[in-house]
Amino acid sequence: MKQPISTTAAPGAIGPYSQAIDAGPFVFISGQIPVNPADGKVPEGIQAQTAQSIANLTAILAEAGMTLDNVVKTTVFLADMNDFAAMNAVYAEKFNAPFPARSAVAVRELPKQVLVEIEVIAAR
């Protein structure tokens, strides 16, 4: 059984997808770009954008009764792999050991020309 998870504390879906899906022991959260849900703005720079993307993930996890400590896998999409170290510095501040498994890939372009998008899988 799958149930959608949605919160106004994170940006709404801009297409035919759910913010997240609760699938029993796992919650799958769609990629979060760094849009501030309060004003729709995107902060400047990779570090601020990484922090906003993680804040959006945190809000969706909270709606599911979870925290970043429940995250078992992340995928980080970067518009420029040269931003990896700066993204990683913010990421390391937000997640606790044992850190989730992670993939980080450079992509040609992201929605709204943002610098980063992060998706996660969390476990209860």
Side-chain angles (χ1 to χ4, degrees):
M1 207 67 176
K2 65 180 186 177
Q3 297 295 322
I5 297 171
S6 181
T7 178
T8 58
I14 56 174
Y17 62 91
S18 300
Q19 280 180 328
I21 291 291
D22 185 330
F26 297 101
V27 172
F28 298 84
I29 300 180
S30 294
Q32 293 300 300
I33 61 174
V35 173
N36 183 321
D39 60 16
K41 294 184 179 177
V42 175
E44 293 288 326
I46 187 62
Q47 290 184 311
Q49 288 193 19
T50 301
Q52 182 63 59
S53 291
I54 294 172
N56 294 342
L57 291 166
T58 301
I60 296 168
L61 286 163
E63 187 69 19
M66 303 171 102
T67 70
L68 289 174
D69 288 335
N70 292 98
V71 175
V72 296
K73 172 70 168 82
T74 67
T75 304
V76 178
F77 302 95
L78 294 166
D80 184 344
M81 195 53 82
N82 289 319
D83 288 335
F84 180 84
M87 173 281 298
N88 203 46
V90 175
Y91 183 100
E93 291 175 359
K94 303 294 183 182
F95 286 93
N96 298 314
F99 297 105
R102 181 178 78 184
S103 300
V105 297
V107 296
R108 184 172 182 193
E109 188 175 1
L110 290 165
K112 298 184 181 268
Q113 283 63 58
V114 301
L115 303 174
V116 64
E117 178 174 357
I118 304 172
E119 66 180 24
V120 305
I121 300 170
R124 290 193 165 82

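Note that the coordinates shown come from a computational prediction; the quantities given were computed from them, not determined experimentally. Numbers for residues simply follow the sequence, beginning at 1.
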inquiry  = Quick test of your reading: applying side chain to side chain donor-acceptor pair (under 3.5 Å), list the pairs with at least one residue in residues 30-52, sequence neighbours left out, ordered by first then second residue.
reply    = Gln52-Asn56
message = Could you see if Phe84 belongs to whatever hydrophobic cluster contains Val120? Use Ile, Leu, Val, Met, Phe, Trp, Tyr and a side-chain cutoff under 4.5 Å.
response = yes
Residue pairs involving residues 12-31 (criterion salt bridge (Lys or Arg N to Asp or Glu O under 4.0 Å); sequence neighbours excluded) = Asp22-Arg124
task = Check side chain to side chain contact (heavy atoms under 4.5 Å, CB included) between Ala13 and all other residues, then give those that pass, not counting sequence neighbours.
result = Tyr17
ask   = Which pairs pass salt bridge (Lys or Arg N to Asp or Glu O under 4.0 Å) with one or both residues in residues 59-78, sequence neighbours excluded?
value = none
query = Under 4.5 Å between side-chain heavy atoms, hopping through other hydrophobics if needed: is there a path connecting Val71 to Ile5?
reply = yes
ask   = Which atom names give the shortest non-hydrogen contact between Ile29 and Glu119, and what distance separates them?
value = O-CB, 3.5 Å
remark   = When every non-hydrogen atom of Val27 is compared with those of Ala64, the smallest separation belongs to CG2-CB, 4.3 Å
message = Please determine whether residues Leu68 and Met87 belong to a single hydrophobic cluster, defined as Ile, Leu, Val, Met, Phe, Trp and Tyr linked transitively by side-chain heavy-atom distances below 4.5 Å.
response = yes
task = Please list all pairs passing the salt bridge (Lys or Arg N to Asp or Glu O under 4.0 Å) test where one or both residues lie in residues 74-103, with sequence neighbours left out.
result = none
query = Are Val116 and Ile33 grouped together when hydrophobic residues (ILVMFWY) are joined by side-chain heavy atoms under 4.5 angstrom apart?
reply = no
message = Minimum heavy-atom separation for Pro43 and Pro34, please, with both atom names.
response = CD-O, 3.1 Å
ask   = Which heavy atom in Ala104 sits nearest to a heavy atom in Met81, and how many Å separate them?
value = O-CE, 3.9 Å
note = Across all chains, not counting sequence neighbours, the ring pair (Phe, Tyr, Trp, His ring centres under 6.0 Å) partners of Phe95 are Tyr91
key: Where Phe28 and Ala23 come nearest, the two heavy atoms and their spacing   = CE1-CB, 3.9 Å
note = For Pro11 and Pro37, the nearest pair of non-hydrogen atoms, with its separation, is N-CB, 3.8 Å
request  = Enter the distance from Thr67:OG1 to Leu57:CG here, rounded to the nearest 0.5 Å.
outcome  = 12.0 Å
key: Val114 with Ile60, same ILVMFWY side-chain cluster at under 4.5 Å   = no
